[in-house]
Asker: 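Below: one structure in structure tokens.
Below, each value reflects all heavy atoms present in this structure, side chains not excepted, and no hydrogens, waters or symmetry copies. Counting convention: from 1, in listed order, for ligands and their atoms alike.
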Amino acid sequence: MTTHVIGAGLAGLAAALAARGRVVVHEAAPLAGGRARALADGLDNGTHALVGANRAALGFLREIGARDGWVEPEPGGLPVLDMADGRARRVALSPLGWWRKDRRPDGAGVQALGALMRLAGPGDVAVAGAMAAHPAFLRGFVEPLVIAALNTPVAEASSRKLGAVLRRVGAPGAARLLVARRGLGPDLVEPALAALRARGVEIRNGARLRGLQKGRDGRVIALEFADGTLALGDGDSVILALPPWEAGRLLPEISVPAAHAPILNLHFDHKTQGPVRFLGVLGGLCQWVLVRPDTVAVTVSAADAEARESAEDLTPRAWAEIRALAAAFHLPGAWPEVPPPCRAVKEKRATPRHRPGDPPPPPVRVLPNLALAGDWMEPVLPATIDAAVRSGRRAARALAG
Ligand SMILES: Cc1cc2nc3c(=O)[nH]c(=O)nc-3n(C[C@H](O)[C@H](O)[C@H](O)COP(=O)(O)OP(=O)(O)OC[C@H]3O[C@@H](n4cnc5c(N)ncnc54)[C@H](O)[C@@H]3O)c2cc1C
């Protein structure tokens, strides 16, 4: 009995780790990791952060022996620079930290908090509309959270998805922010592959699934790859751990999210001294800036407009904001006026857009011997690493039961 996992993103890697018996992973790309991967030169495709509430993702890290590679860069609150007025301060990510006035986001009054709590209740509306009466809180806390967690502009973001996030980050420790100390290669993908190999899982790279053959009973009977067709045995099963557009191509009968949002990352080749840092910018181009010893990486999520701009236009603007951050928070080392070499990575379909009234995902076990996985298969939470890991494990369970 063999489980064929299609796709070696986080959903596929988690599914392969959870599946029992013989497991083969078929991945189209030369490298594993999917949308959370190291590029050929070792840079991350984009900065990935986890929070304490991401229990599935953190459990996966522990399972593959990689938990220690994820560090909390800002335990004292997130350093944030407001480009509108130059104010630099630390903001607690959890409302539990807002008892300290100096850690409270702007506008976090009783009424604004009440409106935020209502988003965690029933109903599904656009977040910006629901928080319109609290513009300072919307700008200083809700919008950055929505863009980071849902990768969807706040004007169109689903309050139901945000509510699911809010219900989870309220617990003690749940808003602790973690990043990979060295990078997604050494701190995520490589340990996952090592754990799978240690369990005897076979991984085939460069193996793009072109089509599925189904029998009369609806079971998958063969997998079509460029290098040939693989016939399945009676007890064999398939986990499709693919992005929505690929799952929809292979199974046109299922409905998949059609609208996606881009994420732009700018990687500056700049050596720094000191520990890993993670800083925020309000009212600028940069949203988050990750400082590691060898690079400074800027993240712009829900980057509809920025993804259309050229790297030549974006680089000097981003670097000027980084220098302002470095000055405001006394980052060690030299931060010269001239931008260092910069590489822009634009992920056009980074995640689905999460809008009010989105239809639920299809059933997990959509065919008798085929289960679906992928960040978009998560019914409650937004599409993230955590959602991908949960979906992979759920798919493996669905086929075992
Ligand atoms: C720039 C960026 C920043 C992000 N930041 C964060 C963050 O801070 N925190 C967070 O939790 N999440 C973040 N995310 C989202 C996170 O990366 C994704 O939710 C997650 O990686 C999706 O995993 P997946 O396995 O569902 O899909 P994918 O990673 O897309 O994996 C699918 C795999 O299937 C392969 N494939 C496709 N077609 C075929 C085929 N026909 N046959 C075989 N293989 C195929 C692909 O090559 C890929 O490896 C970010 C995403 C991006 C792009």
Side-chain angles (χ1 to χ4, degrees), residues 4-16 24-37 39 43-51 53-54 56-58 60-61 70 147-151 165 177-180 184 188-189 192 203-212 223-226 238-251 256-257 260-267 278 287-288 290 297-303 307 344-352 354 361 372-378 381-392 395:
H4 295 275
V5 177
I6 315 297
L10 265 301
L13 296 173
V24 184
V25 179
H26 308 264
E27 164 58 48
L31 296 170
R35 279 169 281 154
R37 69 190 181 284
L39 304 171
L43 287 175
D44 295 346
N45 67 322
T47 298
H48 280 68
L50 296 174
V51 289
N54 294 153
L58 295 177
F60 179 72
L61 289 179
W70 288 69
I147 288 181
L150 273 61
N151 189 32
V165 174
L177 184 131
L178 305 165
V179 291
L184 295 173
L188 180 63
V189 180
I203 297 155
R204 293 178 65 219
N205 284 106
R208 178 168 189 264
L209 182 65
R210 288 184 165 180
L212 295 163
L223 301 173
E224 294 168 359
F225 294 97
V238 180
I239 296 177
L240 276 195
L242 297 175
W245 56 92
E246 274 294 283
R249 179 184 67 78
L250 290 159
L251 295 171
V256 298
H260 297 84
I263 298 182
L264 166 73
N265 270 259
L266 300 171
H267 300 275
F278 192 85
Q287 291 160 356
W288 310 110
L290 174 66
V298 168
T299 301
V300 186
S301 296
V345 182
K346 295 178 185 178
E347 293 272 9
K348 286 195 183 132
R349 294 188 284 193
T351 67
H354 298 295
L372 294 169
D375 58 356
W376 59 280
M377 281 295 294
E378 168 58 48
L381 294 168
T384 59
I385 290 180
D386 199 55
V389 169
R390 286 163 65 110
S391 77

Asker: From the options Asp375, Ile6, Leu31, select the one whose nearest heavy atom is closest to atom 26 (O) of ligand 1.
Answerer: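 The option holding the nearest heavy atom is Asp375.
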Asker: At a 4.0 Å cut-off, with the gap strictly under it, does some heavy atom of Leu264 reach an atom of ligand 1?
Answerer: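 Under 4.0 Å: no for Leu264.
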Asker: Exactly one of Glu246, Glu224, Glu27 should register a salt bridge (charged side-chain N to carboxylate O under 4.0 Å, His left out) with Arg208. Which one does?
Answerer: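 Among the candidates, only Glu246 passes.
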Asker: Numbering the atoms of ligand 1 from 1, which are under 4.0 Å from a heavy atom of Ala388?
Answerer: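 Under 4.0 Å from Ala388, ligand 1 has these atoms: 23 (O), 26 (O).
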Asker: Nearest to atom 30 (O) of ligand 1, what protein heavy atom do you find, and at what distance?
Answerer: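 Nearest neighbour among protein heavy atoms for atom 30 (O) of ligand 1, to 0.1 Å: Arg35 NE, 2.7 Å.
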Asker: Does only the side chain of Glu347 get under 4.0 Å from ligand 1, or the backbone, or both, or neither? Count heavy atoms.
Answerer: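 Just the side chain.
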Asker: Could you tell me the residue and atom name of the protein heavy atom closest to atom 35 (C) of ligand 1, and the distance to it rounded to 0.1 Å?
Answerer: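 Its nearest protein heavy-atom neighbour is Glu27 OE1, 3.3 Å.
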Asker: If you measure from each non-hydrogen atom of Ala241 to ligand 1, which part falls under 4.0 Å: side chain, backbone, both or neither?
Answerer: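 Backbone only.
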Asker: Considering only heavy atoms, which of Ala226, Ala11, Ser301, Gly46 lies nearest to atom 25 (O) of ligand 1?
Answerer: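 Looking at heavy atoms only, the winner is Ala11.
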Asker: Answer side chain, backbone, both or neither: which part of His26 comes under 4.0 Å from ligand 1, heavy atoms only.
Answerer: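 Under 4.0 Å from ligand 1, His26 contributes backbone atoms alone.
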Asker: If hydrogens are left out, which of Arg249, Glu378, His48 has an atom nearest to atom 17 (O) of ligand 1, that is, the closest non-hydrogen atom?
Answerer: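 Heavy atom nearest to atom 17 (O) of ligand 1 belongs to His48.
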Asker: Consider ligand 1: state whether an atom of it lies below 4.0 angstrom from any non-hydrogen atom of Ala207.
Answerer: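 Yes, Ala207 has a heavy atom closer than 4.0 Å to ligand 1.
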Asker: Relative to atom 15 (C) of ligand 1, which among Thr351, Leu188, Val389, Leu50 owns the nearest non-hydrogen atom?
Answerer: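 The nearest heavy atom belongs to Thr351.
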Asker: Counting heavy atoms only, which of Leu178, Asn205, Leu209 comes nearest to atom 42 (N) of ligand 1?
Answerer: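 Heavy atom nearest to atom 42 (N) of ligand 1 belongs to Leu209.
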Asker: Provide, to 0.1 Å, the distance between atom 45 (C) of ligand 1 and the closest protein heavy atom, together with that atom's residue and name.
Answerer: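 Checking every protein heavy atom, the shortest distance to atom 45 (C) of ligand 1 gives Leu242 CD2, 3.3 Å.
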Asker: Starting from atom 2 (C) of ligand 1, locate the nearest protein heavy atom and write down its residue, its atom name and how far away it is, to 0.1 Å.
Answerer: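 Result for atom 2 (C) of ligand 1: Ile263 CD1, 3.6 Å.
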Asker: What's the shortest distance from atom 10 (C) of ligand 1 to any protein heavy atom, and which residue and atom give it?
Answerer: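 Checking every protein heavy atom, the shortest distance to atom 10 (C) of ligand 1 gives Ile385 N, 3.6 Å.
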Asker: Determine whether the side chain, the backbone, both or neither of Ala28 has a heavy atom under 4.0 Å from any heavy atom of ligand 1.
Answerer: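 The answer is both.
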Asker: Within ligand 1, which atoms have a heavy atom of Asn265 less than 4.0 Å away?
Answerer: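 Counting atoms of ligand 1 from 1, those under 4.0 Å from Asn265 are 1 (C).
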